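Let me begin by presenting the structure, written as structure tokens, before commenting on it.
Just so it is clear, the values below take in all heavy atoms, side chains as well, and ignore hydrogens, waters and symmetry mates. These figures come from a predicted structure and were not determined experimentally.
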Amino acid sequence: GQQLNQSPQSMFIQEGEDVSMNCTSSSIFNTWLWYKQEPGEGPVLLIALYKAGELTSNGRLTAQFGITRKDSFLNISASIPSDVGIYFCAGQLSFGNTPLVFGKGTRLSVIA
Amino acid sequence: SAVISQKPSRDICQRGTSLTIQCQVDSQVTMMFWYRQQPGQSLTLIATANQGSEATYESGFVIDKFPISRPNLTFSTLTVSNMSPEDSSIYLCSARQGGGYEQYFGPGTRLTVT
């Protein structure tokens, strides 16, 4: 099946640093979504992207839908300890009733 | 947005028994899904729960093992049948309005099979 290549797999950063993670695919996606999951919780939707080139912010988070429609990135600025968690990218291949394809996740650790 | 609740939040079950997980959405949604997730791993889609018809299962998942019901646009159940320790996992319910819409997740059901 389709796969999303998400990198890096894990990150250890100092509080206050900026973070960048990305997802790439060999297929064209019509929708990109970014989720954060904390231990013992379900994934929480952070940002949804629907147009190639779209740049969307949610507080300290910024995500972009790649112009080729085969990639997306998520940036977190001025990281804080509560940013700790696993971040997943997900894409939808078409606007029909197709399931999301998920990346393997980026585990973020923030050192105070 | 949609708020999704699941019951039970966790359970410990004996091998050979079955467990039914309930999922309730606070608004009518077109699509509901069931995922499985091993701790620290990505999400694996089990099936799409179709309202009024049989669920659509992904490769590797079968109706006899994971029967799903969806009687209306806000509720679905997943049953894990004849459980074995390999079924120990987190089961997540998810929902969205349709293609090109935001998809939301419930808090998950943590299942341990002994």
| query | Would B/Gln37 and A/Phe102 satisfy side chain to side chain contact (heavy atoms under 4.5 Å, CB included), going step by step from the backbone distance to the final call? | reply | CA-CA 12 Å; B/Gln37 184 183 33; A/Phe102 279 84; over 6 Å; no
| message | Only pairs of heavy atoms separated by less than 4.5 Å count here; which of B/Gly40, B/Ser59, B/Pro39, B/Gly108 has the most with chain A? | response | B/Gly40
| request: Tell me, yes or no, whether the heavy-atom count around A/Arg69 atom CZ, taken from other residues, nucleotides or ligands under 6.0 Å, exceeds 12. | output: yes
| task | Using a cut-off of 6.0 Å, state whether more than 12 heavy atoms not belonging to A/Gln9 lie near its atom CD. | result | no
| request: Tell me whether B/Phe33 is reachable from B/Ile68 by hopping between hydrophobic residues (I, L, V, M, F, W, Y) whose side-chain heavy atoms are closer than 4.5 Å. | output: no
| query | With a 4.5 Å limit on heavy-atom distance, are the side chains of A/Gln37 and B/Phe105 in contact? | reply | no
| request: Heavy-atom distances under 4.5 Å only: say whether B/Gln103 touches chain A with side chain, backbone, both or neither. | output: both
| said: Just checking A/Lys104: does its NZ atom have more than 12 heavy atoms from other residues, nucleotides or ligands closer to it than 6.0 angstrom? | reply: no
| query | Do B/Leu92 and A/Pro43 touch side chain to side chain, with heavy atoms closer than 4.5 Å? | reply | yes
| Do the side chains of B/Ile90 and A/Ile86 join up, straight or via other hydrophobic residues, at under 4.5 Å, putting them in one cluster? | yes
| query | Would a hydrophobic clustering, with Ile, Leu, Val, Met, Phe, Trp and Tyr connected at side-chain separations under 4.5 Å, put B/Phe66 with B/Val113? | reply | yes
| Heavy-atom count around B/Ile12 CD1 within 6.0 Å, excluding the residue itself: above 12? | no
| remark: Pair count under 4.5 Å, heavy atoms only, with chain B: among A/Pro99, A/Gly105, A/Ala90, highest is A/Pro99
| request: Work out which heavy atom in B/Ser42 is nearest to a heavy atom in A/Gly103; give both atom names and the distance. | output: OG-O, 2.6 Å
| request: To the nearest 0.5 Å, tell me how far B/Tyr35 OH sits from A/Leu100 CG. | output: 4.5 Å
| task | State, with a plain yes or no, whether a side-chain heavy atom of A/Tyr35 is found less than 4.5 Å away from one of B/Leu43. | result | no
| message | For the CD1 atom of A/Ile47 and the CD atom of B/Glu102, what is their distance to the nearest 0.5 Å? | response | 11.0 Å
| remark: salt bridge (Lys or Arg N to Asp or Glu O under 4.0 Å) filter on A/Lys36, not counting sequence neighbours, yields A/Glu38
| Using non-hydrogen atoms only, which part of A/Gln6 is less than 4.5 Å away from chain B: side chain, backbone, both, or neither? | neither
